[in-house]
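Notes for the one structure printed next.
Sequence positions, counted from 1, serve as the residue numbers for this chain. Start at 1 and go down the list; that is how both ligands and their atoms are numbered.
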Amino acid sequence: MSIISKDIQKAIAILSAEKLVAIPTETVYGLAGNIFSEKAIKSIFETKKRPFFNPLIVHIPSVDALESIVSYVPKKAKLLADTFWPGSMTLVLKKQSIIPDLITAGKNTVAVRVPNHPVTLSLLKQLPFPLAAPSANPFGNISPTKPEHVEGYFKNDINMVLDGGACINGIESTIIGFENDEPIIYRLGALALEDIEAVVGKVEIKNKKEVSPDAPGMLERHYAPSTKTFLTENISEEIKKHIGKRIGLLTFTSDLKNDVITSQIILSIKGDMAEAASKLYEAMHHLDHQNLDVIIAERFPDFGLGKSINDRLQRATFSS
Ligand code: TXA
Ligand code: MG
């Protein structure tokens with residue numbers, strides 16, 4: 001029987017019994033558990049095979065709930081929260097002492113966000129505890145944007161996927177930390193840099209490829225299909241290097257379908273980056289199941305969501 005269900009009351013029962021439910025958000029599906037249950041949190045790490053040094057995001061129902069999670073909110077953090085929550089932005093702030101070390105990997109900061117999905121907001125409002133939820137994929141794999149992706153990954157390991165349909169934004173939240181009260185981007189994501197800067201002015205990006213102590217999840221190779229993937233500015237040149245192989249193409253707007261291409265996905269024929277972001281992981285999942293030898297991905301224009309998409313493609317690929 002499928003573990004996918006729309007039954008919120010069932011999700012509440014499972015979560016209250018210290019077990020896990022995959023939850024829909026507007027970015028990607030999360031693998032959720034009660035932040036105060038050591039059993040549930042350990043089970044998140046075990047199920048994902050995620051190393052314990054990589055901290056989790058706490059999901060809360062409203063901006064008002066922030067004060068129970070964090071001990072200090074810089075002015076610009078409050079401004080960002082009031083502007084963008086519920087939404088695809090995670091803030092890393094000084095934690096309250098009640099937040100367990102398992103959640104924060106022993107750090108004195110905690111990552112927190114109010115997701116913008118009606119089903120999960122309703123769930124969070126009915127629960128007496130917040131939910132820790134990393135993306136619902138095995139560590140290092142492509143994040144799930146549909147309930148079926150989660151079921152494919154974890155079938156017998158979790159009790160339920162709460163069905164909220166396909167994720168509208170399709171890539172993970174933008175993570176913002178604070179140094180001397182100034183915002184710093186730790187992870188580019190579904191909220192574009194330009195939108196953030198319009199509210200708080202110029203923001204530094206520390207979205208490093210190496211493992212940064214500030215954002216321990218930012219590994220160089222991540223979000224990766226198992227098919228060998230190349231990122232390029234020049235699709236035709238890259239194709240020439242792989243003639244004779246089963247080639248899959250992942251492009252923004254370019255249509256290059258010809259005899260040497262086995263499978264092609266165009267992310268947005270009309271050149272809409274939000275549409276492209278929403279389809280990106282689904283396309284990667286799809287191509288990864290076509291029995292291809294290589295996937296060739298086209299680099300996006302380096303602004304707006306294109307910047308965030310390039311970040312994910314970079315981590316999925318061997319650039320050439
Ligand atoms: O869109 C999202 O953010 C999704 C949905 C489910 O909300 N969640 C998600 O979680 O992408 P996850 O665990 O896959 O990525 C969380 C990132 C990791 O890179 C982690 O290192 C970073 O957040 N993080 C968590 N707590 C942190 C902290 N205290 N300081 C710095 N980085 C932190
Ligand atoms: Mg993840």
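- For E172, no nitrogen or oxygen atom sits less than 3.5 Å from a nitrogen or oxygen atom of ligand 1, counting backbone and side chain alike.
- Close contacts of ligand 1 with T27, meaning ligand atoms under 4.0 Å from a residue heavy atom, involve 1 (O), 2 (C), 4 (C), 5 (C).
- Remark: ligand 1 atoms within the under-4.0 Å shell around heavy atoms of P134 are 10 (O), 12 (P), 13 (O).
- For ligand 1, the atoms closer than 4.0 angstrom to any heavy atom of V28 are 4 (C), 6 (C).
- Using a 4.0 Å cut-off between charged nitrogen and carboxylate oxygen, R299 and E233 count as a salt-bridge pair.
- Annotation: T104 places no N or O atom under 3.5 Å from an N or O atom of ligand 1; distance criterion only.
- Heavy-atom contacts of N54 reach the following atoms of ligand 1: 18 (C), 20 (C), 21 (O) (cutoff under 4.0 Å).
- Within the structure, the closest approach of P115 to ligand 1 does not fall below 4.0 Å when heavy atoms are considered.
- The heavy atom nearest to atom 8 (N) of ligand 1, out of those in G106, A133, P55, is found in A133.
- The main-chain N or O of N234 is found under 3.5 Å from a side-chain atom of T232 such that the two form a donor-acceptor pair.
- Between R113 and E26 a salt bridge is recorded (basic side-chain N to carboxylate O distance below 4.0 Å).
- An N or O contact shorter than 3.5 Å is missing between T25 and ligand 1 by distance.
- The shortest N or O to N or O distance between S173 and ligand 1 is below 3.5 Å.
- Of the charged side-chain nitrogens involved, at least one lies within less than 4.0 Å of a carboxylate oxygen, so that K307 and D302 count as a salt-bridged pair.
- Which of S135, A136, G177 comes nearest to atom 14 (O) of ligand 1 through a heavy atom is settled by distance: it is S135.
- Salt-bridge formation is detected for the pair E282/K146: a Lys NZ or Arg NE/NH1/NH2 atom is positioned less than 4.0 Å from an Asp or Glu carboxylate oxygen.
- The residue from R187, E26, R50 that puts a heavy atom closest to atom 13 (O) of ligand 1 is R50.
- Ring geometry, H285 versus Y153: the interplanar angle falls from 30° to 60°, so the pair is classed tilted.
- In summary, the atoms of ligand 1 found under 4.0 Å from a heavy atom of V92, numbered by their order in the structure, are 28 (C), 29 (N), 30 (N).
- Under a 4.0 Å heavy-atom criterion, K95 is not in contact with ligand 1.
- Under a 4.0 Å N-O distance rule, the pair E179/K206 qualifies as a salt bridge.
- Around atom 28 (C) of ligand 1, the closest heavy atom drawn from K107, H117, M89, H59 belongs to K107.
- Salt bridge present: K279 and E275 bring a charged side-chain N and a carboxylate O closer than 4.0 Å.
- Residue G30 approaches ligand 1 through these ligand atoms, each under 4.0 Å from one of its heavy atoms: 6 (C).
- For the Mg ion (ligand 2), the N/O/S atoms of N137 include none lying under 2.8 Å.
- Ion pairing of K78 with D82 is present here, as a side-chain N (NZ or NE/NH1/NH2) and a carboxylate O approach within less than 4.0 Å.
- Within ligand 1, the atoms closer than 4.0 Å to a non-hydrogen atom of I175 are 17 (C), 22 (C), 23 (O), numbered from 1 in the order shown.
- The shortest N/O to N/O separation between R113 and ligand 1 falls below 3.5 Å.
- In terms of polar-atom proximity, T109 is counted as a contact of ligand 1, with an N or O under 3.5 Å from an N or O of the ligand.
- Ring centroid separation for the pair Y281 and H149 does not come in under the 6.0 Å cut-off.
- Listed by number with element, the atoms of ligand 1 under 4.0 Å from a non-hydrogen atom of I57 are 3 (O), 8 (N), 9 (C), 10 (O), 16 (C).
- When each of L20, N141, N54, N137 is paired with K48, the side-chain contact (heavy atoms from CB on, under 4.5 Å) condition holds for N137 and for no other.
- For F36 and F129, the distance between ring centers is not under 6.0 angstrom.
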